[in-house]
There are 2 protein chains.
Amino acid sequence: MESQTPPGRARLSDVARRAGVSASTVSRVLSNPGVVAHATREAVMQAVAETGYRMNHAARNLRKQRTGCVVALVPNLGNPFFAKILDGMGRELAGAGYDLLVADTLEDSGRHTRLDRFLDPSRADGIILMDGLAPFGDLAGRADLPPVVTACEWIEGADLPRVMLDNRQGGRLAVAHLRALGHCHIGLIGGPPGNVLHQARHQGAHEGAHEGAGGVRLTEFPGDFTMQSGQRAAQAWLALPRPDRPTGIFAFSDEMACAFMSGLHRAGLAVPRDASIVGFDDIELVSHLSPALTTIRQPKREIGRKAARIILDRIAGREIAPVTLLAPRLMERETTAPPPPS
Amino acid sequence: MESQTPPGRARLSDVARRAGVSASTVSRVLSNPGVVAHATREAVMQAVAETGYRMNHAARNLRKQRTGCVVALVPNLGNPFFAKILDGMGRELAGAGYDLLVADTLEDSGRHTRLDRFLDPSRADGIILMDGLAPFGDLAGRADLPPVVTACEWIEGADLPRVMLDNRQGGRLAVAHLRALGHCHIGLIGGPPGNVLHQARHQGAHEGAHEGAGGVRLTEFPGDFTMQSGQRAAQAWLALPRPDRPTGIFAFSDEMACAFMSGLHRAGLAVPRDASIVGFDDIELVSHLSPALTTIRQPKREIGRKAARIILDRIAGREIAPVTLLAPRLMERETTAPPPPS
DNA sequence: AAAATGTTTGCAATCGATTGCAGAGAAGTG
DNA sequence: CACTTCTCTGCAATCGATTGCAAACATTTT
């Protein structure tokens with residue numbers, strides 16, 4: 001009698017045979033128990049337990065033309081910035097019965113070859129794209145893509161819904177804060193020039209510098225969001241003759257801000273005594289440093305949740321807002337102070 | 001003639017009709033071109049291009065009984081430690097034609113309910129489990145699971161292949177380093193007591209403390225790998241009367257080491273002048289701090305690559321080693337020095 | 001008691017790609 | 001020319017779950 005169920009995995013029909021019903025009935029017990037008579041349901045449940053039945057996802061997906069998965073594509077899993085966002089996303093999606101899977105677009109290394117592997121309705125019911133450099137143009141025209149929403153980064157010109165921080169406002173806040181403290185010369189450590197986040201923050205910083213009475217001098221240091229580039233910026237700053245050094249620094253990422261600060265520290269200077277620093281993102285670590293970094297906070301969990309809610313709406317065919325802007329917030333901590341007397 | 005291909009997505013049979021061949025032939029062109037005559041192949045290729053055909057994964061997976069995916073289950077996507085590991089893993093798997101998907105087991109928050117959703121051959125061809133607390137016991141008996149390998153963490157008692165750092169040796173190295181500098185009283189900031197990494201590092205630390213001539217005094221501070229707990233340890237340390245303060249600190253994670261260091265700094269003390277600190281993991285950030293953290297390095301990309309190679313071997317049915325231990329390495333930087341004269 | 005309504009269940013088609021088997025034709029051999 | 005050997009292609013079954021439709025039976029309603 002043991003051989004009823006061959007060694008392999010139990011199928012729906014195996015359960016059905018055991019319970020003395022048809023496969024259809026078992027299917028219904030599992031996905032819509034209400035329509036099945038009580039006694040039958042019990043019998044099926046028992047058969048399920050006895051056989052250890054577990055559904056075959058491939059078969060269900062094929063039949064239902066859906067996967068129950070949302071895939072998030074991030075440019076670099078190594079960036080701790082995404083962690084909290086993914087967390088918020090995962091929880092929101094779990095609540096709606098979807099699984100979140102994360103894949104790295106490998107932006108840096110081997111080109112985006114693997115992107116289209118996931119942009120496929122038989123792979124995911126929805127895509128949350130967090131890589132603004134993804135070559136989306138090739139695919140945008142196709143009518144058979146699963147719904148896509150961009151989060152954090154976005155693709156200029158692509159007709160995709162967006163969820164992101166008001167980066168321009170963030171740039172403005174950072175510069176305004178330094179100005180309010182009395183800094184008249186501000187250094188900007190930017191991101192990669194082609195990056196949309198860089199551009200928005202840069203624009204905000206300029207607006208903040210030039211609005212109101214008495215403009216501010218701006219000096220730009222090239223950067224790419226990494227600590228290496230923050231370190232280079234510190235070197236460049238140190239190499240400047242004293243009067244040409246900006247007294248306030250606005251780094252477009254917390255990582256660059258950290259590395260910059262370490263660079264000054266290593267040269268025997270102190271923050272904020274010798275220079276004030278404002279970062280961007282508010283990654284967890286920077287509040288635990290000493291001095292704790294003043295920075296522009298992104299509501300990361302909230303971004304994740306919002307993006308998830310929007311992809312769920314799109315999957316369900318509901319109307320959605322094309323752009324969702326979240327408000328940045330200045331976290332004033334220990335790395336900013338009035339400039340040193342000159 | 002346009003209506004040949006209805007608005008939806010082109011199927012294999014649509015391509016076939018267009019090329020004037022059977023679906024079988026199209027399938028063969030796509031997966032095994034060698035067996036198809038040149039002219040036919042050309043025609044099919046053209047039809048594929050014209051229809052914009054893209055394969056339906058669900059159908060293929062169902063038929064082939066494989067998915068082409070490996071799922072990595074991490075306890076907390078928020079931990080930057082995993083980033084580099086996943087990176088190494090992803091590259092290795094990509095090279096073998098597999099996609100890497102990452103899912104969070106949500107260890108902290110809502111129990112491990114979602115774990116078994118992925119432990120399923122119709123979901124993944126292999127699983128890389130990085131969560132030592134996963135309730136694997138419930139599933140271990142089942143013969144129908146996809147191959148599983150544990151990486152970084154492991155499950156004591158479970159018969160699963162393991163890839164990890166020699167954590168004991170790492171603990172030993174850290175303590176030996178502090179002893180060599182002359183520290184006779186060493187503080188340990190541990191992880192959660194039930195955690196296997198904690199236990200191995202703890203054992204190594206004790207061995208390092210008691211081997212050789214003249215033992216060392218050990219003081220333990222509770223921790224859980226987070227920065228909060230590192231901060232608490234700093235408070236506890238500061239509250240100790242001067243002669244009872246360990247002069248050397250070995251934190252079982254870089255994050256705790258950072259927070260501890262900030263705590264001392266905030267209290268007006270300097271590292272390594274007033275205390276030496278050794279961390280664990282060598283996450284990217286700590287080499288960019290000032291002072292740069294002395295720590296035990298884990299070869300993260302290598303761990304990822306090894307784990308990937310092992311899961312590939314298991315998928316292919318090849319024999320594998322049950323345990324793969326990687327060697328830790330002491331990264332001597334700026335946070336360790338001889339103890340202050342008492 | 002006949003008819004109408006409601007509840008359960010099974011049949012069979014379907015989702016889309018893959019592959020063993022065999023047939024059709026081409027090429028080579030005695 | 002008859003016969004074997006290849007090469008190429010199509011037929012049809014298969015993977016496993018879902019669901020529209022209708023049959024079978026129970027329950028009310030007239």
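Note that the coordinates shown come from a computational prediction; the quantities given were computed from them, not determined experimentally.
When all heavy atoms are compared, the tightest approach of A:M130 to A:C152 is SD-SG, 4.4 Å. Smallest separation of non-hydrogen atoms from B:A19 and B:A43: CB-O, 4.0 Å. Across all their heavy atoms, B:A96 and B:L312 have their closest contact at CB-CD1, 3.6 Å.
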Side chain to side chain contact (heavy atoms under 4.5 Å, CB included) between B:R66 and B:I315, worked out: CA-CA 10 Å; B:R66 65 185 290 276; B:I315 290 172; over 6 Å; no

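Here A:V26 lies out of heavy-atom contact (under 4.0 Å) with every strand. Residue contacts for B:R63: at a heavy-atom cut-off of 4.0 Å it reaches a base atom on one of the strands shown. In this structure, A:S24 reaches the bases: a heavy-atom distance under 4.0 Å links it to at least one base atom across the strands shown.
Side chains of B:R117 and B:R123 form a contact here, defined as non-hydrogen atoms less than 4.5 Å apart.
From one end of the helix from C:dA1-D:dT30 to C:dG30-D:dC1 to the other, with five pairs defining each end axis, the axis direction shifts by 50° (rounded to 10°).
Of the residues in residues 31-43 of chain B, B:V36, B:A37, B:T40 come within less than 4.0 Å of DNA chain D through at least one heavy atom, sorted by number.
Residue whose closest nucleotide on DNA chain C sits further toward the 5' end, between B:H57 and B:R28: B:H57. Of the two residues contacting DNA chain D, namely A:A58 and B:A23, the nearest-nucleotide position lying further toward the 5' end is that of B:A23.
Partners of A:A59 by side-chain contact (heavy atoms from CB on, under 4.5 Å), not counting sequence neighbours, listed by chain and number: A:N56, B:L62. For B:E156, the side-chain contact (heavy atoms from CB on, under 4.5 Å) partners two or more places apart in sequence, or in a different chain, are B:W154, B:R162, B:V196. The side-chain contact (heavy atoms from CB on, under 4.5 Å) test applied to A:A37 returns A:T40, not counting sequence neighbours.
Remark: the B:E42 side chain and the B:Q46 side chain contain no N/O donor-acceptor pair separated by less than 3.5 Å.
In summary, contact between chain A and DNA chain C, defined as any nucleotide atom under 4.0 Å from a heavy atom of the protein, begins and ends at C:dT8 to C:dG16 in the 5' to 3' direction.
Remark: of the listed residues A:D120, A:D125, A:D99, A:N61, A:D125 is the sole one forming a side chain to side chain donor-acceptor pair (under 3.5 Å) with A:T67.
With respect to the salt-bridge test (charged N to carboxylate O, under 4.0 angstrom), the residues B:D14 and B:R11 qualify.
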